[in-house]
Participant: 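One structure follows; several queries about it will come next.
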Number of protein chains: 2
Amino acid sequence: MREKIKNQTNPNVSVDCVVFGFDGTDLKVLLVQRELRDNLNINDDTLVLPGDLINDNEDLDDAASRILTGLTGIRNIFLEQIGAFGHPQRLMKERDQVWLRAIRLEPSARVITVGYFALINIKNYKVKPAGFAKHILWHDYDTVNELGFDHKLILDTAIAKLRNKLYREPVGFQLLSKEFSINQLYTLYNEIMGGEIDRRNFRRRMLKTGFLKETDNFQEGVPHKPARLYTFVRKEFDNVSKNNFKFY
Amino acid sequence: MREKIKNQTNPNVSVDCVVFGFDGTDLKVLLVQRELRDNLNINDDTLVLPGDLINDNEDLDDAASRILTGLTGIRNIFLEQIGAFGHPQRLMKERDQVWLRAIRLEPSARVITVGYFALINIKNYKVKPAGFAKHILWHDYDTVNELGFDHKLILDTAIAKLRNKLYREPVGFQLLSKEFSINQLYTLYNEIMGGEIDRRNFRRRMLKTGFLKETDNFQEGVPHKPARLYTFVRKEFDNVSKNNFKFY
DNA sequence: CCAAAAGTGTTGATGCTACACCCATGA
DNA sequence: TCATGGGTGTAGCATCAACACTTTTGG
């Protein structure tokens, strides 16, 4: 049997992470198949967000970092708190309880969770060979249905927060490679906003700001005219942004 | 000696509330002088946000409501979560520990707090006779200095969130009476934004939207031309707001 | 030469800023 | 009649949405 939680774990507070990634076309979310992750045999294919109870001497942000580094190997991930989720019944669905009884010292304890969202460049995340890491998967954001616990609610809150941030802050660049084309940036924004941004106006607005620095590099291996690549210059952005800049 | 906390209280999770009010001129915050509130004798005049540990069967939002209703008598207060604050040392300043030892069963327990902010019309809050409620006070937002625990951080986060919300959502009306003049609305926005909004342009923009319905009532008892009063019509606002409306 | 995406320009409407002055009222 | 805030008007500039066509490359 699996070793249960250690003593310094706080039984009442957990952290869950919504990790967004972008593959050039679609927005993705990192999900965990909990039965596989925890190596159980309870016939449960429920998907959940990666998360864990916090340690008693650990800051909330650090707990979130710990979870993400454990999953992806990446350090210094862009991370931001979504908020606390504490409905008294949030762990009480029967399926969820089965899993908790298998894994927790106090399966019926009241647990408040603190949600975080992260943005990572999907190419920096090495998908480990199937079988070893089958319990982790990049799921299309658009087609996520039910998740375990209240994780769908956390995901919905995360996307709202992301959209909101995207409006004024340069977080989109976290999801792209260091060099990117304007149209990749456009696709990203358009996808996340689920909406109809005009491609031509978007391009013009971005270029006018001056915080995109053009490089001498172009896309390679594409079956059409290769686009010029740009980098994001934070210093320039900070100037522009004082002037109440908006991305869309 | 004061009765200590009851058994069903969760020792690891609390809720703290930032209550903003507006008196027509200045933005105010509701603060508590903790020694007086808890009827202690520990020579401690530290100001803190109103807050409490949550009960184990109680939703976070409900805990915040409970605290506010207890303080002000008002039910159905506008309330919104700010986020969780969980630095491991957040209760460990010596002054804070003195107070905790006097009041808590587990004064050194790790406590994560969830912050909320509320907006109330200052006139709906009956200030009780001094002596009885001296421990509660409306403090000018501008002149708040240090607070106990990490409450200054929570307050700073709250004002940022308020400013952000103010931009797109009609929360300002929560701080005014049902009927208000355009210039009262202007003063409120200008005060909260700490900034220089043009009064005339603000008025024009607000009136153009159509979600302010003019009444036949005017200010009374003012030593100058009485302003016409308006009400806020949410239904109209929802129309306008689909169209990406911004307040400033 | 075809497909597919990159890249470019214009026009009209709208909104915003930055202004200064008169009005109505109570004291 | 004076002080105080209430209320109005305009002109120029900047921004934005809406829209279609040409260019460059790989296959």
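In what follows, chains are A, B, ... by sequence order, proteins preceding strands, each numbered from 1. Computed over heavy atoms, backbone and side chain alike; hydrogens, waters and symmetry mates excluded. These figures come from a predicted structure and were not determined experimentally.
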Participant: Need to verify one output field. Residue with the more 5' nearest nucleotide on DNA chain D, A:K208 or A:V222?
Facilitator: A:K208
Participant: Working to the nearest 0.5 angstrom, can you tell me the gap between B:L79 CG and B:I82 CD1?
Facilitator: 9.5 Å
Participant: Between A:D150 and A:L153, is there a donor-acceptor pair closer than 3.5 Å when you use the side chain of the first and the backbone of the second?
Facilitator: no
Participant: First and last nucleotide of DNA chain D touching chain A, 5' to 3', heavy-atom cut-off 4.0 Å?
Facilitator: D:dC16 to D:dG26
Participant: Would you confirm whether B:Q219, through its side chain, and B:A227, through its main-chain N or O, come within 3.5 Å as a donor-acceptor pair?
Facilitator: yes
Participant: Any sub-3.5 Å donor-acceptor pair from B:D140's side-chain atoms to B:K28's backbone N or O?
Facilitator: no
Participant: How far does CD1 of A:I120 sit from CZ of A:F78, to the nearest 0.5 angstrom?
Facilitator: 12.5 Å
Participant: Under 4.5 Å between any side-chain heavy atoms of A:Y141 and A:I192, yes or no?
Facilitator: no
Participant: Where along nucleotides 4-11 of chain C does protein come under 4.0 Å, by heavy atom, of base (B) or sugar-phosphate alone (S), with - for untouched nucleotides?
Facilitator: BSSBBBB-
Participant: Let me know which of B:D61, B:D59, B:D52 forms a salt bridge (charged side-chain N to carboxylate O under 4.0 Å, His left out) with B:R66.
Facilitator: B:D52
Participant: For the ring-ring contact (aromatic ring centres under 6.0 Å, His included) test, which of A:Y186, A:Y189, A:F202, A:Y167 pairs with A:F247?
Facilitator: A:Y189
